[in-house]
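These numbers come from the heavy atoms of this one structure, side chains and all, not from hydrogens, waters or symmetry mates. First the proteins, then the strands, lettered A, B, ... as listed; each starts at 1.
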Amino acid sequence: MVIFDSVTKTKRPFEPIKEGEASIYVCGPTVYDDAHLGHARSSLAFDLLARTLRALGYKVTMAKNFTDIDDKIIKKVEATGKSMQEITAYYIDRYLKEMAQLGVQRADIEPKATESLDAIEAMIQRLIDKGFAYVVSNGDVYFDTSKDPRYGEISHKVHDDEENQSRVAHNSEKRNPKDFALWKACKGEEDICFNAPFASGRPGWHIECSAMIEKYFDGNGEYSIDIHGGGADLLFPHHENEAAQSRCATGHELAKYWMHNGFVQIDGEKMSKSLGNSFFLKDALKVYDGEILRYYLNSVHYRNDFNFNEEDLLAAKKRLDKLYRLKKRLLPGKASAVNPTFKKVLLDAMADDLNISVALSVIDEMVAAANEKLDENPKEKALKKETLANLEFIDTLLGFGGKEPYSYFQIGVDETLKAQIEALIAKRTEAKRAKDFAAADAIRDELTRMGIAIMDTPEGTVWERA
RNA sequence: GGAACCAUCGCCAAGUUGGUAAGGCCGCAGCCUGCAAAGCUGCUAUUCGCCGGUUCGAGUCCGGCUGGUUCCUCCA
């Protein structure tokens, strides 16, 4: 496995800190609102990472946190009158359900800030004790970036204090402009606060992740985890700050590899709520099946920016359709063993920093080759069984193609409509038998108007939702 | 203002060590079909934003320009 490390900006061979294992921590969402397409993309990208590493034989432990203490959540509490727990539990539940629709496997560890306060406080205390952090008059605790000579190495940000000074002038008690809050002291009665030795208050955003990683991963004395992931926007300041805190608190580096996924745009425009475009994942899921969205969102390399639009989505759907049409030709039957060459080529592609484009092209070629052979000899049992096994492998590695093909093509068609369609097809088959092609074509037109496409096969007429 | 990344066929998109452009969508022709659809076959960039340079040879390296995105503030 080769991974593009955002810190060195090069592809580096994956050499885990513990032989045969892979520890991954991905920054999850702050749960104050519904998940958007960007969350989906990040989630999907690291799902692919975990699946690939598992397929390569690594024992993967993946953690994805929920930030459930945050200013935006507090604002939502104030705006809705609901409790913080109600709000965060609601959005966590929705997030998990929507990601499940995309075929994202659950993380092995899903830590929450509210459940990690002990670790957070301990780490802050350690930083204070070691002189890397300081408490100011109101009880806020800041990390002293000047005490960490390696601060800036993750994001390659140059210290340009002069310029930044003006921006953060109001934080007068900060010793350096780049210092950031580890703990925010309670401001008023209505604030949501937790007790801590330094002051009643709540943790800063960055410390959560550092503390959770220390809590759940042992590391090897040199690094705490193998891979730290997240959106490209998190590189600075979030990951820079995480790295600094952990480095100073533990004496070793946080992660051996850093991976960052690219951004999602919609129809060429920056994704924002004000645009009113299908910003939320839930809206996209109303229109498109999760599996298609998964295929589409994963069809572009995770580091590239992604321009979400209907035309491309449709092209992606057609590619997936082809795979399922092949699957129709293979059933009923049982899978034998995956073709070793196919497996190797597919895995090699994914092992190259998740080269999904090559992986998908390998699949397309496999599908075409199988169709060709089946055209020649529709009853080739060994081929059918092997192809079925190939499809199973694709499902395990990439998370699509696992459905029963007829149901895939009939998503959103209820039983009544189904019966109606099948009755029409039966009528058409009768008309065809009687060589009444005008009547047969009229029925086909009617089905087309209903959004149903039909195709005649040696085994009879089958239909799909167009 | 500072920094990073990107720019390949009508559209999406691959292309570590420079060696002569994957795959998909669309389109065209053919096979198959009562006709279609589906599937298959063939065709579809002498060319990789522009201008220079290095080299026997560059999409791939270097410099400049143009265009786009991102980060420097909460953000996947």
Side-chain angles (χ1 to χ4, degrees), chain A residues 2 4 6 9-13 26-30 32-33 35-46 64 67 70-72 155-158 160 163-164 167-168 178 180 205 229-238 240 260-265 268 270-272 281 296 299-307 309 311-322 325-326 328-329 349 352-353 355-365 367-376 378 432 435-438 440-441 444-445 447-448 453-458 461-464 466:
Chain A
V2 172
F4 183 89
S6 337
K9 294 180 186 173
T10 53
K11 280 187 188 176
R12 293 169 52 207
V26 182
C27 287
T30 300
Y32 69 99
D33 205 344
H36 55 237
L37 293 172
H39 292 113
R41 174 127 135 110
S42 180
S43 210
L44 248 11
F46 291 103
K64 182 155 77 176
T67 296
D70 177 85
D71 286 357
K72 283 176 180 155
S155 61
H156 308 287
K157 292 284 173 210
V158 202
D160 48 355
E163 198 204 322
N164 280 316
R167 268 193 193 163
V168 285
K178 293 223 152 149
F180 53 90
W205 176 37
D233 52 333
L234 299 181
L235 188 52
F236 187 87
H238 189 231
E240 186 71 61
H260 293 90
N261 64 274
F263 267 51
V264 176
Q265 293 196 314
K270 189 173 174 154
M271 199 171 74
S272 71
L281 175 58
Y296 176 48
S299 68
V300 175
H301 187 84
Y302 74 92
R303 268 188 284 127
N304 290 164
D305 281 339
F306 190 100
N307 183 20
N309 66 84
E311 189 190 347
D312 294 346
L313 190 149
L314 222 64
K317 179 188 179 298
K318 286 183 180 176
R319 263 178 117 166
L320 223 206
D321 286 353
K322 278 185 147 179
R325 285 200 194 102
L326 169 64
K328 281 203 253 184
R329 304 180 76 176
D352 179 15
D353 193 38
N355 193 331
I356 191 74
S357 295
V358 168
L360 294 182
S361 75
V362 167
I363 291 169
D364 285 336
E365 281 163 359
V367 169
N371 272 321
E372 190 184 353
K373 283 182 195 147
L374 287 172
D375 280 356
E376 281 166 24
K432 271 177 65 183
K435 301 257 189 261
D436 185 356
F437 297 122
D441 290 350
R444 185 165 64 199
D445 290 344
L447 283 163
T448 305
I454 59 170
M455 37 215 76
D456 296 331
T457 75
T461 303
V462 297
W463 62 276
E464 298 178 359

Protein and nucleotides 29-35 of chain B: nitrogen or oxygen contacts under 3.5 angstrom:
unit_1	atom_1	unit_2	atom_2	d
G34(B)	N1	D441(A)	OD1	3.0
G34(B)	N2	D441(A)	OD1	3.4
G34(B)	N2	D441(A)	OD2	2.6
C35(B)	O2	R444(A)	NH2	2.4
C35(B)	N3	R444(A)	NH1	2.9
C35(B)	N3	R444(A)	NH2	3.4
C35(B)	N4	D456(A)	OD2	3.3

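- Within the 4.5 Å cutoff, no side-chain heavy atoms of P237(A) are placed close to those of K178(A).
- Here the P atom of nucleotide A14(B) and the NE2 atom of H301(A) are 8 Å apart, to the nearest Å.
- K373(A) pairs by the salt bridge (Lys or Arg N to Asp or Glu O under 4.0 Å) definition with nothing, not counting sequence neighbours.
- A close approach under 4.0 Å does occur between a side-chain nitrogen or oxygen of N355(A) and OP1 or OP2 of G15(B).
- Using atom C1' as the reference point in both C74(B) and C61(B), the two lie 40 Å apart (nearest Å).
- As rounded to the nearest Å, G42(B) and G34(B) have P atoms that lie 25 Å from one another.
- No engagement by K435(A) is indicated, since no non-hydrogen atom pair under 4.0 Å with the nucleic acid exists.
- In this entry the distance linking NZ of K178(A) with P of A3(B) reads 13 Å, nearest Å.
- Between the C1' atoms of A13(B) and U73(B), the separation comes to 34 Å (whole Å).
- Across A13(B), C71(B), A76(B), the shortest atom-to-atom separation from the side chain of K157(A) is found for C71(B).
- Atom C1' of nucleotide C12(B) and atom OH of Y296(A) are separated by 8 Å, given to the nearest angstrom.
- In this structure, C40(B) and G30(B) make a Watson-Crick or G-U wobble pair, each of the two defining distances being under 3.5 angstrom.
- Figure legend. A14(B) is base-paired to no nucleotide; pairs are counted as Watson-Crick or G-U wobble with both atom distances under 3.5 Å.
- Taking atom C1' on both A58(B) and U47(B), the two are 13 Å apart, rounded to the nearest angstrom.
- A36(B) and G23(B) have their C1' atoms separated by 28 Å, with the value rounded to a whole Å.
- Scored by the salt bridge (Lys or Arg N to Asp or Glu O under 4.0 Å) test, D364(A) finds R319(A) as partners (sequence neighbours excluded).
- Ion pair K72(A)/D33(A) not flagged as a salt bridge, since none of the NZ, NE, NH1 or NH2 atoms sits closer than 4.0 Å to an Asp/Glu carboxylate oxygen.
- The two residues N307(A) and Y296(A) make their nearest non-hydrogen contact at O-OH, 3.2 Å.
- The nucleotide C35(B) finds no pairing partner, because no Watson-Crick or G-U wobble arrangement with both distances shorter than 3.5 Å includes it.
- Looking at heavy-atom distances under 4.0 Å, Q265(A) makes contact with sugar-phosphate atoms alone, never a base.
- The heavy-atom pair separating S6(A) from H156(A) by the smallest distance is O-NE2, 4.5 Å.
- Within 4.0 Å of G38(A), counting heavy atoms only, lies at least one base atom of the nucleic acid.
- Note: NZ (K328(A)) to P (A37(B)) measures 15 Å, nearest angstrom.
- Atom C1' of C11(B) sits at a distance of 24 Å from the matching atom of U70(B), rounded to the whole Å.
- Note on L235(A): nothing from the nucleic acid sits closer than 4.0 angstrom, heavy atoms only.
- For the pair K11(A) NZ and C5(B) P, the computed distance is 15 Å after rounding to whole Å.
- Between the P atoms of G10(B) and G57(B), the separation comes to 29 Å (whole Å).
- The salt bridge (Lys or Arg N to Asp or Glu O under 4.0 Å) search around D436(A) returns none, not counting sequence neighbours.
- Heavy atoms of V26(A) sit nowhere under 4.0 angstrom from any nucleic acid atom.
- U46(B): no Watson-Crick or G-U partner with both key distances under 3.5 Å is found in any strand.
- As rounded to whole Å, 13 Å separates atom C1' of C71(B) from atom NE2 of H156(A).
- For F4(A) and G15(B), the CZ to P distance is 12 Å, given to the nearest whole Å.
- Remark: P of C11(B) and CG of D312(A) are 11 Å apart, rounded to the nearest angstrom.
- The minimum heavy-atom distance linking S155(A) with F236(A) is given by the pair OG-CD1, 3.1 Å.
- The phosphate of A76(B) (OP1 or OP2) has no side-chain N or O of N261(A) nearer than 4.0 angstrom.
- No donor-acceptor contact under 3.5 angstrom links the side chains of D71(A) and Y32(A), judged on distance only.
- Listed by chain and residue number, D321(A) satisfy the salt bridge (Lys or Arg N to Asp or Glu O under 4.0 Å) test with K317(A) (two or more places apart in sequence, or in another chain).
- At a threshold of 4.5 Å between non-hydrogen side-chain atoms, the residues E464(A) and K328(A) count as touching.
- Within 4.0 Å (heavy atoms only), H260(A) reaches no atom of the nucleic acid at all.
- Between T457(A) and G28(A), the residue whose closest nucleotide on RNA chain B is further toward the 5' end is T457(A).
- The P atoms of G59(B) and G52(B) are separated by 15 Å, rounded to the nearest whole Å.
- Under the Watson-Crick or G-U wobble criterion, with both distances below 3.5 Å, A7(B) is paired with U66(B).
- Scanning all heavy atoms of the two residues, the minimum distance from A359(A) to A349(A) falls at N-CB, 3.8 Å.
- Position along RNA chain B of the nearest nucleotide to A232(A) versus R325(A) favours R325(A) as the more 5'-ward residue.
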Protein within reach of the bases, or only the backbone? For nucleotides 19-24 of chain B, mark each nucleotide 5' to 3' as B, S or -, using heavy atoms under 4.0 Å. ---BBS

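- Remark: C71(B) base-pairs with G2(B); criterion is Watson-Crick or G-U wobble with both hydrogen-bond distances under 3.5 Å.
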